[in-house]
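Note on naming: letters A, B, ... go to the chains in the order of the sequence lines (proteins, then strands), and numbering restarts at 1 for each one.
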Amino acid sequence: MRSTSVSDRDATRQAHSQGVGARPGTLIIPDDALPPKLFLFSYDANGFDECECSSYDELMQRFRGQPERRHWIDVRGYGDVELMRRFMQDFGLHPLQMEDVLGDYQRAKVELNDDGQLFLVSRMTEFTSQLEIDDDQLSLFTGSNYVLSFQDDYEDCLDTVRQRIRSGYSQIKQRPPLYLAYALTDVVLDHYYPTMAAIGDYIEELENVILRGRPNKRLLARILQIKKDIVRFRRLVYPEREKIAELLRMPDEVVSEEMKVFFRDCYDHAIQALDLTESYRESVSSLIDLYMSDQSNRMNEVMKVLTIISSIFIPLSFVVGLYGMNFQRENPQGGINPLNMPELYHPLGYPVLLGVLLVIVTGQLVYFYKKGWLTN
Amino acid sequence: MRSTSVSDRDATRQAHSQGVGARPGTLIIPDDALPPKLFLFSYDANGFDECECSSYDELMQRFRGQPERRHWIDVRGYGDVELMRRFMQDFGLHPLQMEDVLGDYQRAKVELNDDGQLFLVSRMTEFTSQLEIDDDQLSLFTGSNYVLSFQDDYEDCLDTVRQRIRSGYSQIKQRPPLYLAYALTDVVLDHYYPTMAAIGDYIEELENVILRGRPNKRLLARILQIKKDIVRFRRLVYPEREKIAELLRMPDEVVSEEMKVFFRDCYDHAIQALDLTESYRESVSSLIDLYMSDQSNRMNEVMKVLTIISSIFIPLSFVVGLYGMNFQRENPQGGINPLNMPELYHPLGYPVLLGVLLVIVTGQLVYFYKKGWLTN
Amino acid sequence: MRSTSVSDRDATRQAHSQGVGARPGTLIIPDDALPPKLFLFSYDANGFDECECSSYDELMQRFRGQPERRHWIDVRGYGDVELMRRFMQDFGLHPLQMEDVLGDYQRAKVELNDDGQLFLVSRMTEFTSQLEIDDDQLSLFTGSNYVLSFQDDYEDCLDTVRQRIRSGYSQIKQRPPLYLAYALTDVVLDHYYPTMAAIGDYIEELENVILRGRPNKRLLARILQIKKDIVRFRRLVYPEREKIAELLRMPDEVVSEEMKVFFRDCYDHAIQALDLTESYRESVSSLIDLYMSDQSNRMNEVMKVLTIISSIFIPLSFVVGLYGMNFQRENPQGGINPLNMPELYHPLGYPVLLGVLLVIVTGQLVYFYKKGWLTN
Amino acid sequence: MRSTSVSDRDATRQAHSQGVGARPGTLIIPDDALPPKLFLFSYDANGFDECECSSYDELMQRFRGQPERRHWIDVRGYGDVELMRRFMQDFGLHPLQMEDVLGDYQRAKVELNDDGQLFLVSRMTEFTSQLEIDDDQLSLFTGSNYVLSFQDDYEDCLDTVRQRIRSGYSQIKQRPPLYLAYALTDVVLDHYYPTMAAIGDYIEELENVILRGRPNKRLLARILQIKKDIVRFRRLVYPEREKIAELLRMPDEVVSEEMKVFFRDCYDHAIQALDLTESYRESVSSLIDLYMSDQSNRMNEVMKVLTIISSIFIPLSFVVGLYGMNFQRENPQGGINPLNMPELYHPLGYPVLLGVLLVIVTGQLVYFYKKGWLTN
Amino acid sequence: MRSTSVSDRDATRQAHSQGVGARPGTLIIPDDALPPKLFLFSYDANGFDECECSSYDELMQRFRGQPERRHWIDVRGYGDVELMRRFMQDFGLHPLQMEDVLGDYQRAKVELNDDGQLFLVSRMTEFTSQLEIDDDQLSLFTGSNYVLSFQDDYEDCLDTVRQRIRSGYSQIKQRPPLYLAYALTDVVLDHYYPTMAAIGDYIEELENVILRGRPNKRLLARILQIKKDIVRFRRLVYPEREKIAELLRMPDEVVSEEMKVFFRDCYDHAIQALDLTESYRESVSSLIDLYMSDQSNRMNEVMKVLTIISSIFIPLSFVVGLYGMNFQRENPQGGINPLNMPELYHPLGYPVLLGVLLVIVTGQLVYFYKKGWLTN
Ligand SMILES: [Mg+2]
Ligand SMILES: [Mg+2]
Ligand SMILES: [Mg+2]
Ligand SMILES: [Mg+2]
Ligand SMILES: [Mg+2]
Ligand SMILES: [Mg+2]
Ligand SMILES: [Mg+2]
Ligand SMILES: [Mg+2]
Ligand SMILES: [Mg+2]
Ligand SMILES: [Mg+2]
Ligand SMILES: [Mg+2]
Ligand SMILES: [Mg+2]
Ligand SMILES: [Mg+2]
Ligand SMILES: [Mg+2]
Ligand SMILES: [Mg+2]
Ligand SMILES: [Mg+2]
Ligand SMILES: [Mg+2]
Ligand SMILES: [Mg+2]
Ligand SMILES: [Mg+2]
Ligand SMILES: [Mg+2]
Ligand SMILES: [Mg+2]
Ligand SMILES: [Mg+2]
Ligand SMILES: [Mg+2]
Ligand SMILES: [Mg+2]
Ligand SMILES: [Mg+2]
Ligand SMILES: [Mg+2]
Ligand SMILES: [Mg+2]
Ligand SMILES: [Mg+2]
Ligand SMILES: [Mg+2]
Ligand SMILES: [Mg+2]
Ligand SMILES: [Mg+2]
């Protein structure tokens, strides 16, 4: 278990590296940022163009050359502060919003700018083999004829949207840019389900380890790690729900009634996801109870073995110790002490004693059996 | 115990199978969907017709042929995507709502469409012999002269409503379609009580096992399963309450004052059900405390047996060991060591020793009795 | 302990017996319902009449014959469905409200009917000798010149109100029927205090059992039963508070400013009662902690006895066992083995050994005393 | 520990003694009520008079004789129902409010009467040597030129306010009666801090007992008592905050903007006090964890002693028992059994055995040392 | 651990020392207050002056002499009550607000005065080597051309802001005083991250101690101390968030739309910080579970050693005790008792017995190995 999960610490460190006390809106590129790749989808109801632009100038030339079409400008990687400044300038992005983009640890949110531009942040999740939730930020700006998206990785979960644009008939091509922003948000939400399914599978596995196998020493640490993941996942999804609720409350001029129908569906999915995290939380808390009780059961079992063995043999040892005493039949003065352990001289002394021992053992076994200590 | 209950996992898998990232409103029919059966009730204040239609065309012909009557179109089974598309088209259902219908894991909700059509989702519950809550979705669309219902099973809990329509005099036949929707919702809510009664009975059974019998190894797992069921049941009922509250807040043109009186009664029932889940939750949490304390009591009992046996016999063993020592009365030089264990040569050595042992045992038994260790 | 308290189960069963899926507003009389008794108080500022009417007709004749007076129609027992129907008809009671009256498990609530009639439900409580809260429903309808009350028992907690009417000068006789409804509600609330006092006394008794006496085996079950009672009591009082708050929010035409002063006092009492339930809840949760810790202390005590006895006598047994060995001074070849246990032949061997044993015991006792194990 | 604290039970009993079901507004004087003392401060910006009036008539004569001055009528002790009735009549106090005054267990609250009179209830606290919070009620009525205060004790925490009036220049003398009411409320709030400081000191003391000394048997009971005090204190402060918030929301005609600045400061103090109760609650819950863990540690220590002693001496006892066996070198037929315990006849048998025992003991001690069982 | 953290107690004591019941607005300087230092930044878009003023008169001369510039009056140390009174008078500060400044334990808050002056309180935090959060108060008053700040220490976390003013081009110099107040608030918020990072590192360290090393006796106390720090930190940040939310709700005349964009960014940071405290809280609660389980595991291990050793050697001791008995082959009458322990006379008696013992030991070791008790 890592008590403070990688991403929590990342967030804290990011904040550090962003220069505590730096001027608000300072653009700080992390050292390990990838060199940006610029992708452009230009489309309208009749078709689409797609390219990976080799330079910002090429991108802007294509974008500005087709003002009647809609565009998805898809920026992946942040490693060029000058490029980021040009985006800020040309698209009128607020420095604080650009800071949020590059900071890469912003909760999901929506901001409505003066010119009707929306700034949308989503968090894309993945459940890693180290049992942690890896999350990346997807930042969207929507304008009258474009969606401008930023993320720090080349790989993402948005390919199904790209395929839908490429396919013959697509809602995306029929509708305004906000629909594309919706489609991207929806796909991010859809990807919460595989993450949750992975968590669910892992919980079931842990439970089987407790119920059937032998919980090894690190098991509780793993349970607690999953618990932390769930709590963290919940904290990712909750602002997503709030973001969508805020979109639904926006005036119709910004988000049309028609678009709200779609966002309402997203809202249902977000609530569903929150419900599932509650389920999982409950499951994990039950796992902890089960683990604690199992620990206690094991102790019980150890104690039972000790008690059974001791209770049987300690009395027997006393009895044989008794007849190991050296009381003398003859006293030093030559007299006879007939009361000193006459049993030892009886012809059947030993066999009778063995019989007595057997009776004692049998009695105890019956007692323990009746208490249910001999069965599990 | 299944940490993640069947239905939670179903929901997650459904979302998967619905194609993560698929176009919103995509109709995906689960592989195991039943072939649809189409039932039609056509009624007015004077009478009713009832049929199982062999085809969609027959259904629509009957429906359209009697515009002055009210109709309940009762669709069971989803296994025909083409049929679903025709319903969408002919009744003007939104693709996202149809997706909700087929997805079969939608929380209870109500949506008011532009044309005054209501879309209502309820969840019908059953407590299975595997100690799980099986829930199925009932989706309703109400129009000016029809209720259109969808569910994935042929069997359901709605037969009492069907009987009421068939009976001579029925409120349903006197009133608008929304009353039928209300009656169906009410019957679903009424069926929460048998589910809760089954849970309550099971809790009592578990408690008796702890208090009277012997908790076997899987008992905690079963308690935790019931706890999860209750939590899950609560999550089913809670949106039901919210749905009804939303109906009560709707304008009188959509839900008349008269109908609100009925829905207010539903609202009381939903709150009552939520109250009971709280009671049960408390009961289960008490059961866990009781189980843990019982575990601890058992350990205590084991330790007492060990302590009593050991405390009695270990000192006795010492005493008899003492007189098993071989200190010699005569030393090798032929002298006499009169201080070396003269007790062994006394004529009453052995009887006196036995008396001493008896006194020790009695003393200890009295001590343990006073401590209450000998009684339970 | 009963995991699901009698009343929770009652409620569930009532719902059952009311016919799951029955037509809303169906009047179902429980099998064990008492035959109704009809009492009538007719009063005005100058005086009052009181009678137990032998029939509904007599009641209505008296009621209708004095339209200028105010009346309390006090119905006890439900065992006559026809009578109930007549009340419904003559007083214009809604079938769903009558269903609530007979169902006898409705939470406290207030409903304002179209004609200004108020429908008020209270729950009267009692703490039984079986440690359970017995609660009964008091249903009130207020009209312009009457209060119509229903309850299922002949005995109730309302006699002080009846006495006040009978007494010479009474506010009730001066004021509108709503004041009588208030007085009845207030008396029900006042009776929550004896219930709470009984619970408080019982908690104190349980605590004394833990701290002074010996917790017997069922003690935790009793603690948990009280905990459940408190939780349940809270659930009875909470809607009472909400009901009164709703009365306070009603327009002045329905509940006059003057009456609101009185209901505000009820509101204070309801909050006070809720505060006390929180106190008791805290107390019970402390009792559970105390019980668990006591269990652990007892285990500790058992272990200490075992450890002290074993630690003293096991080493002693080793020492005496040592001198019980049979190493021979003379070897078979007739030679002498002077190193084989010369202690045994020393004239002071035995006394010295006894001294050594004494030293060991004393040392251990001192050690245990310093650890505080010999004192409690 | 008292599970139900003195004051909770007092409240319950008061309610009892006030006559369950009595007419609302009945004035019931507790049997042990003190005979009232009547104090009067009459002041204006230029000076003040102060007297302890010997009778109600003297008080009213002074009060009515100086209508242009402001007055603090300070009533201590309730033991004269007739006097209370006269106050009610002459100052227009509502019977229900007078009932609240005498009941002495009312939560903090404010009520605005029709004539602009405010009725304010505060609770004055003290932490007693029995570890309980003693609280008394301070009831204030403010009129255009007076504050009328009631309390049941002669001693209180308000002397600093009296001194401020007596001092040369005082805000109180400059300002309207509500300022005096504020000053009294503020002083009650200020006295919450010594109570909290006492609780804090006691918590620290308990903690030292656990960490450094030996927790005696009643320690947990004392911790739980403090926990209950904190919970109770929180319940006293919380309504105080609500009361002040309500004052801040009142229209400016009742509570002027200028006065609101002062009440806002009170509000800060109330929140601060609530924050501290949360801190203390956390501390106590940590104390309980610490106590439980300490209990477990003590058990561990006991078990370690038992295990070390047993593990060392039980094997040794076996070895010496082995050489205490009586296998005979010579059989009855006179033959020799050379395999029967030849060790016993070896010249170095005994010394070698002692060496072996030493090796066993040393090995075990090393093992236990490495496990860290020999150190603490 | 300190159950009540230093700062909580400070707050309580401060309240004490401020004179319980003192006149509201009394300025009480703590005994250990530092002599004030007065710093002044005077700036406009074109440049800035900076000085440490030797006297209040010098400060005011500079401040009043440049009415067209903006000023940051930076007061550090409170040890001069006369100076504080002059600030109150010259800047029109309310006595209650000045009391808050000097009290030094005010939660974060904002107050809007009549003249548009804002009074802002922030709390600056640091994580000390004693594992406690040290927090100091920063109090700001903003006027039309100044920010007046108070704090009790000479050192603070605001130097980055000072550097930004000194640097060539700075937003602060371009914008109104509220921007400076924002910049100071932002820097305080930014410093929450290092505090949180320190807490996070410490949590990880504690966890490693549990998982890898040996938890020493005070470990739980340290865990609980960190838990308390986190709870306390949360209580510091939460009002900060509320303060900023209140600024965002203020009318645009007080806080312009442009400034709100900046405060919205602060708001994001405050929420982020609250989220992290939740994460840490979860981590610490997991640590406690882990610690408790580790304690239980250690007990388990101790018990296993005891059980293994006892279970092996106690039966062996019985067997060797058996053959240490003294049953006699010859009876006193000279007869032979052939049944009395013939084994002792058999030539292979001893070797066979040793073999039997070996078999018993081996059997038990196999049993324990299969139970997994011999491995960890
Ligand atoms: Mg910054
Ligand atoms: Mg990635
Ligand atoms: Mg990233
Ligand atoms: Mg990443
Ligand atoms: Mg989706
Ligand atoms: Mg949907
Ligand atoms: Mg989808
Ligand atoms: Mg089904
Ligand atoms: Mg289904
Ligand atoms: Mg199903
Ligand atoms: Mg119903
Ligand atoms: Mg009803
Ligand atoms: Mg616990
Ligand atoms: Mg019904
Ligand atoms: Mg009854
Ligand atoms: Mg009843
Ligand atoms: Mg009853
Ligand atoms: Mg009352
Ligand atoms: Mg009252
Ligand atoms: Mg009363
Ligand atoms: Mg009192
Ligand atoms: Mg008192
Ligand atoms: Mg007092
Ligand atoms: Mg104050
Ligand atoms: Mg203040
Ligand atoms: Mg003060
Ligand atoms: Mg400092
Ligand atoms: Mg300070
Ligand atoms: Mg400080
Ligand atoms: Mg910042
Ligand atoms: Mg930001």
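Atom OG of A/Ser283 is separated from atom NZ of B/Lys228 by 3.5 Å, given to the nearest 0.5 angstrom. The CG atom of B/Asp114 sits 7.0 Å away from atom CD of A/Glu257, with the distance rounded to the nearest 0.5 Å. Here the straight-line distance linking atom OG of A/Ser310 with atom CD1 of B/Ile309 works out to 9.5 Å at 0.5 Å rounding. Distance check: A/Leu316 CG to B/Phe313 CZ gives 9.0 Å after rounding to the nearest 0.5 Å. Once rounded to the nearest 0.5 Å, the distance linking OG of A/Ser286 with CD1 of B/Ile288 reads 6.5 Å.
In terms of heavy-atom pairs under 4.5 angstrom with chain A, the leader among B/Ile336, B/Leu322, B/Leu353 is B/Leu353.
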**Candidate pair B/Met292 and A/Ser296, rule side chain to side chain contact (heavy atoms under 4.5 Å, CB included), full reasoning** = CA-CA 9 Å; B/Met292 297 295 193; A/Ser296 179; over 6 Å; no

**Item:** Stepwise side chain to side chain contact (heavy atoms under 4.5 Å, CB included) check, B/Leu96 with A/Arg264
**Value:** CA-CA 10 Å; B/Leu96 289 172; A/Arg264 206 165 289 133; over 6 Å; no

**Asked** What's the verdict on side chain to side chain contact (heavy atoms under 4.5 Å, CB included) for A/Phe318 and B/Ile314, showing C-alpha distance, side-chain angles and the deciding distance?
**Response** CA-CA 8 Å; A/Phe318 160 69; B/Ile314 287 178; over 6 Å; no

**Message:** Could you go through A/Asp265 and B/Glu99, starting from their C-alpha distance and side-chain angles, then the distance that decides it, and tell me whether this counts as side chain to side chain contact (heavy atoms under 4.5 Å, CB included)?
**Reply:** CA-CA 10 Å; A/Asp265 188 60; B/Glu99 196 191 65; 3.8 Å; yes

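Of the atoms belonging to A/Glu205, not a single heavy atom falls under 4.5 Å from chain B. With a threshold of 4.5 angstrom between heavy atoms, A/Glu278 approaches chain B through its backbone and through its side chain. Contact annotation for A/Ser285: only side-chain heavy atoms (C-beta onward) come within less than 4.5 Å of a heavy atom of chain B. Contacts of A/Val261 with chain B are made by both backbone and side-chain atoms, with heavy-atom separations under 4.5 Å. For A/Tyr179, the part lying near chain B is the side chain, with the backbone staying farther off; criterion is any non-hydrogen pair under 4.5 Å. Only the side chain of B/Leu354 comes within contact range of chain A, with heavy atoms under 4.5 Å apart. At a 4.5 Å heavy-atom cutoff, the contact between B/Leu357 and chain A is made by side-chain atoms alone. For B/Met299, the parts sitting under 4.5 Å from any heavy atom of chain A are the backbone and the side chain alike.
Between B/Val231 and A/Ser279 the shortest side-chain heavy-atom distance does not fall below 4.5 Å. Within the 4.5 Å cutoff, side-chain heavy atoms of B/Val305 are placed close to those of A/Tyr367.
The 12-atom threshold is not exceeded at CD of A/Glu258, counting heavy atoms of other residues, nucleotides or ligands nearer than 6.0 Å. More than 12 heavy atoms of other residues, nucleotides or ligands sit less than 6.0 Å from atom CZ of B/Phe368.
Ion pairing of B/Lys227 with A/Glu282 is present here, as a side-chain N (NZ or NE/NH1/NH2) and a carboxylate O approach within less than 4.0 Å. With respect to B/Arg107 and A/Asp275, a salt bridge is recorded, a charged nitrogen being found less than 4.0 Å from a carboxylate O. The existence of a salt bridge linking A/Lys371 and B/Glu301 is confirmed by a sub-4.0 Å separation between a basic side-chain nitrogen and an acidic carboxylate oxygen.
A donor-acceptor pair under 3.5 Å is formed between the side chain of A/Gln272 and the backbone N or O of B/Tyr105. In this structure, the side chain of A/Asn337 does not engage the main chain of B/Leu348 through any donor-acceptor pair within 3.5 Å.
No hydrogens or angles considered: nothing links the side chains of B/Gln295 and A/Asn300 as a donor-acceptor pair under 3.5 Å. Neither side chain, B/Tyr350 nor A/Gln328, offers a donor N or O lying under 3.5 Å from an acceptor on the other.
In terms of heavy atoms, B/Leu220 sits closest to A/Asp289 at CD2-O, 3.9 Å. Closest approach of B/Val302 and A/Met303 over heavy atoms only: CG1-O, 3.7 Å. Residues B/Pro351 and A/Asn340 share a closest heavy-atom pair of CD-OD1, 3.9 Å. Contact between A/Ser317 and B/Ser317 at its shortest, heavy atoms only, is C-OG, 4.2 Å. Closest of all the heavy-atom pairs between A/Asn326 and B/Gly324 is ND2-O, 3.1 Å. Between A/Asp268 and B/Glu111 the shortest heavy-atom distance is OD2-OE2, 4.0 Å.
Using cut-offs of 30° and 60° for the angle between ring planes, the A/Phe262 and B/His94 rings count as perpendicular.
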